[in-house]
There are 2 protein chains.
Amino acid sequence: MRTSAEENYLKAIFSLAEQSGKGASTTAIAAHLRTKASSVTDMVKRLNEKGLVDHRPYYGVSLTDTGTQVATLIVRKHRLWETFLVNHLNYRWDEVHDLAEQLEHIDSDELHDRLDKFMDHPKFDPHGDPIPDREGRMVDMAGAQPLSEVAKDTLVHIVGVKDSSPAFLKLLDGLGLKLGTQLTVNRRFEYDNSVEVSSRFRSGLLLNEQVSLNLTVKAL
Amino acid sequence: MRTSAEENYLKAIFSLAEQSGKGASTTAIAAHLRTKASSVTDMVKRLNEKGLVDHRPYYGVSLTDTGTQVATLIVRKHRLWETFLVNHLNYRWDEVHDLAEQLEHIDSDELHDRLDKFMDHPKFDPHGDPIPDREGRMVDMAGAQPLSEVAKDTLVHIVGVKDSSPAFLKLLDGLGLKLGTQLTVNRRFEYDNSVEVSSRFRSGLLLNEQVSLNLTVKAL
DNA sequence: GATTATTTTTAGACCAGTCTAATTTATGAT
DNA sequence: ATCATAAATTAGACTGGTCTAAAAATAATC
Ligand SMILES: [Mn+2]
Ligand SMILES: [Mn+2]
Ligand SMILES: [Mn+2]
Ligand SMILES: [Mn+2]
């Protein structure tokens, strides 16, 4: 039996490892979960005893194989619920995260398989993130890169967001940018690493570095 | 902020009061929640301090007005989820209770209003129980009575079950009895209070007292 | 009315999870 | 190599929730 606190920690360690490639630090986990470092140390100790993480004190934490498996299935549930909320209950993509944060802890594989089937096995969630299947497999995002790294005059389309905070998503809505939107980088400015892009509907749209780093695109 | 343990206690007190008409006893609550009497006393003390229940030590517990309001909204969530699971995810009516027991604790009025709208404002859950609306109002079940009390030769139809345990529901499935099924009581046997009923599909079906007490019907 | 039996509450312990404050370890700078 | 800083751990306390065992109050029986 796993508790939702444990599950939140596993998911945090999972996503920090995914980003950095390395093990997660105590402070990084604490920041991610808005908790204190001492609480993290305690929980990591428990997760270690349950065989879900490896921990070298004063170095870092990483998921074991079973830990990774568990975390992946929680991510699956999170993304399935987000997809359901947007596609069937008419939520916007900037509204669903916190709700999915609760719903992901519902303890029933059967329910989530049925939800998956009900939605016809979606491959991506509303933020472009791949939805793992029952066995934890998900489509790999090869070819996806941040807009900030795209060469001039290459036609790309938006396939995801690295930051899915409501604030960022609302900004994108305001600019008319969403998943699938086709873009070309017209100019790049060395001064502040801003880029000027054009879409079908807007041309000469200037995006600062913070935005272009967090927009994931793919060549067409 | 309310915890799911608190919510389960409130719901238990609510449904015990609904059945008996009086306040709930410590042991009744403990039995209902499969916990110990001492745990109940502790929790009741906390709920009392929060203004959700009235408690006269050694007598009984009853919900305050706000307690009733809270409990009703949890019941609403429970029944909305059960309805969703049966109507949209193809669960059977005997499978959904435990899942709803988890889902009812999701903290979002907005979500449940949307779920309600998605399903076109259902008035009853899969067991025939009325679904409270956002304000806690529900259709009253006037005219409903246990099959055990129905006079001979009266045409009735099944509108609910008093016991919604999987075992009972499976028995009903096995006998071809479901919500809406029309029945007439042909004979009543004093010996063991069993009744013989006929439906469109079966005649001479003998039901024992335990069954007839738990089948809620309404005259047509 | 006194005695049992039952119900309820209290006392005391435990676990999960969190926090603050103090301590230890590792790291970076001089 | 020493010292200062930052990061991580430990110590100790607290809350919510649960349990067992013991005590107190009520209800039932004679
Ligand atoms: Mn969560
Ligand atoms: Mn997402
Ligand atoms: Mn519940
Ligand atoms: Mn029900």
Side-chain angles (χ1 to χ4, degrees), chain A residues 1-14 16-17 19-63 67 70-71 74 101-102 104-107, chain B residues 1-13 16-17 19-20 22-63 67 70-71 74 101-102 104-107:
Chain A
M1 208 196 346
R2 275 184 327 265
T3 162
S4 13
E6 284 177 356
E7 296 193 338
N8 286 335
Y9 275 93
L10 290 176
K11 206 161 53 102
I13 298 166
F14 180 79
L16 288 170
Q19 280 176 353
S20 70
K22 315 179 175 191
S25 72
T26 302
T27 41
I29 298 169
H32 197 275
L33 293 176
R34 302 165 171 287
T35 180
K36 296 292 184 262
S38 55
S39 308
V40 175
T41 304
D42 279 1
M43 178 60 92
V44 163
K45 208 174 296 175
R46 280 193 292 274
L47 292 175
N48 183 57
E49 279 158 15
K50 293 193 178 190
L52 296 166
V53 304
D54 287 323
H55 185 217
R56 273 188 50 212
Y58 290 100
Y59 289 83
V61 194
S62 57
L63 295 175
V70 170
I74 303 165
E101 203 60 46
Q102 292 185 60
E104 69 191 357
H105 304 295
I106 298 294
D107 182 19
Chain B
M1 206 192 353
R2 270 183 332 261
T3 161
S4 8
E6 285 176 355
E7 296 193 338
N8 286 335
Y9 275 93
L10 291 175
K11 206 162 53 100
I13 297 166
L16 288 171
Q19 281 177 352
S20 71
K22 314 179 173 190
S25 73
T26 302
T27 42
I29 298 169
H32 197 275
L33 294 177
R34 301 167 170 285
T35 181
K36 296 292 183 263
S38 55
S39 308
V40 174
T41 304
D42 279 1
M43 178 59 93
V44 163
K45 209 175 292 175
R46 281 193 292 273
L47 292 173
N48 183 55
E49 277 158 16
K50 293 193 176 188
L52 296 167
V53 304
D54 287 324
H55 184 215
R56 272 188 52 213
Y58 288 100
Y59 289 84
V61 193
S62 57
L63 295 175
V70 170
I74 303 164
E101 203 60 45
Q102 292 185 60
E104 69 190 357
H105 304 293
I106 298 295
D107 183 18

Take B:M43 and A:V40, find for each the nucleotide of DNA chain D with the closest heavy atom, and name the residue whose nucleotide sits nearer the 5' end. A:V40
Would you please confirm or rule out a distance under 4.0 Å between OP1 or OP2 of D:dC19 and any side-chain N or O of B:S39? yes
Whole angstrom value for the distance that separates P of C:dC15 from CD of A:E6: 15 Å
Is the phosphate of D:dT10, meaning OP1 or OP2, less than 4.0 Å from a side-chain N or O of A:K45? yes
Are any of B:R46's side-chain N or O atoms less than 4.0 Å away from OP1 or OP2 of D:dG16? no
Rounded to whole Å, how long is the line connecting atom CG of A:L33 with atom C1' of C:dC19? 15 Å
note: A:M1, atom CE; D:dG17, atom P; distance rounded to Å ~ 16 Å
Determine whether A:V40 and A:Y9 make a side-chain contact, defined as any pair of heavy atoms from C-beta on separated by less than 4.5 Å. yes
5′-ward residue of the pair A:K50/B:Y58 relative to DNA chain C: B:Y58
Proximal nucleotide (of D:dT18, C:dT9, C:dT7) relative to the B:T27 side chain: C:dT7
Would you say A:T41 reaches D:dT10's phosphate, i.e. side-chain N/O to OP1/OP2 under 4.0 Å? no
Under 4.0 Å: is that the gap between some side-chain N or O of B:T3 and OP1 or OP2 of D:dG17? yes
Only one of A:L47, A:L16, A:D54, A:V53 forms a side chain to side chain contact (heavy atoms under 4.5 Å, CB included) with A:V61, so which one is it? A:V53
Of the listed D:dT26, C:dC19, C:dT8, the closest approach to the A:D42 side chain comes from C:dC19
If only side-chain N and O atoms of B:K36 are considered, is one of them under 4.0 Å from the OP1 or OP2 phosphate oxygen of C:dT8? no
Round to the nearest Å and state the distance from A:R34 atom CZ to C:dT18 atom P. 14 Å
Quick one: which of D:dT9, D:dT18, D:dA27 gets closest to the side chain of A:T26? D:dT9
For the side chain of B:Y59, counting heavy atoms from C-beta on, which of C:dT27, C:dG17, D:dT26 is nearest? D:dT26
Please work out if B:A5 contacts a base, only the sugar-phosphate, or nothing of the nucleic acid, heavy-atom cut-off 4.0 Å. sugar-phosphate
Whole-Å distance between D:dT26 P and B:R56 CZ? 9 Å
Here the pair of heavy atoms bringing A:K11 nearest to A:E101 is NZ-OE2, 2.9 Å
Minimum heavy-atom separation for B:G60 to B:H55, with atom names? O-CD2, 3.6 Å
Please state whether the phosphate of D:dT9, meaning OP1 or OP2, lies under 4.0 angstrom from any side-chain nitrogen or oxygen of A:H55. yes
Is there side-chain contact between A:T26 and A:T41, with heavy atoms separated by less than 4.5 Å? yes
Which heavy atom of A:N8 sits nearest to which heavy atom of A:L33, and what is that distance? O-CD2, 3.8 Å
Side-chain donor/acceptor contact of A:S38 with base of C:dT20 under 3.5 Å: yes
Would you say A:Y9 reaches C:dT18's phosphate, i.e. side-chain N/O to OP1/OP2 under 4.0 Å? yes
What integer distance in Å separates B:I29:CD1 from D:dG17:C1'? 16 Å
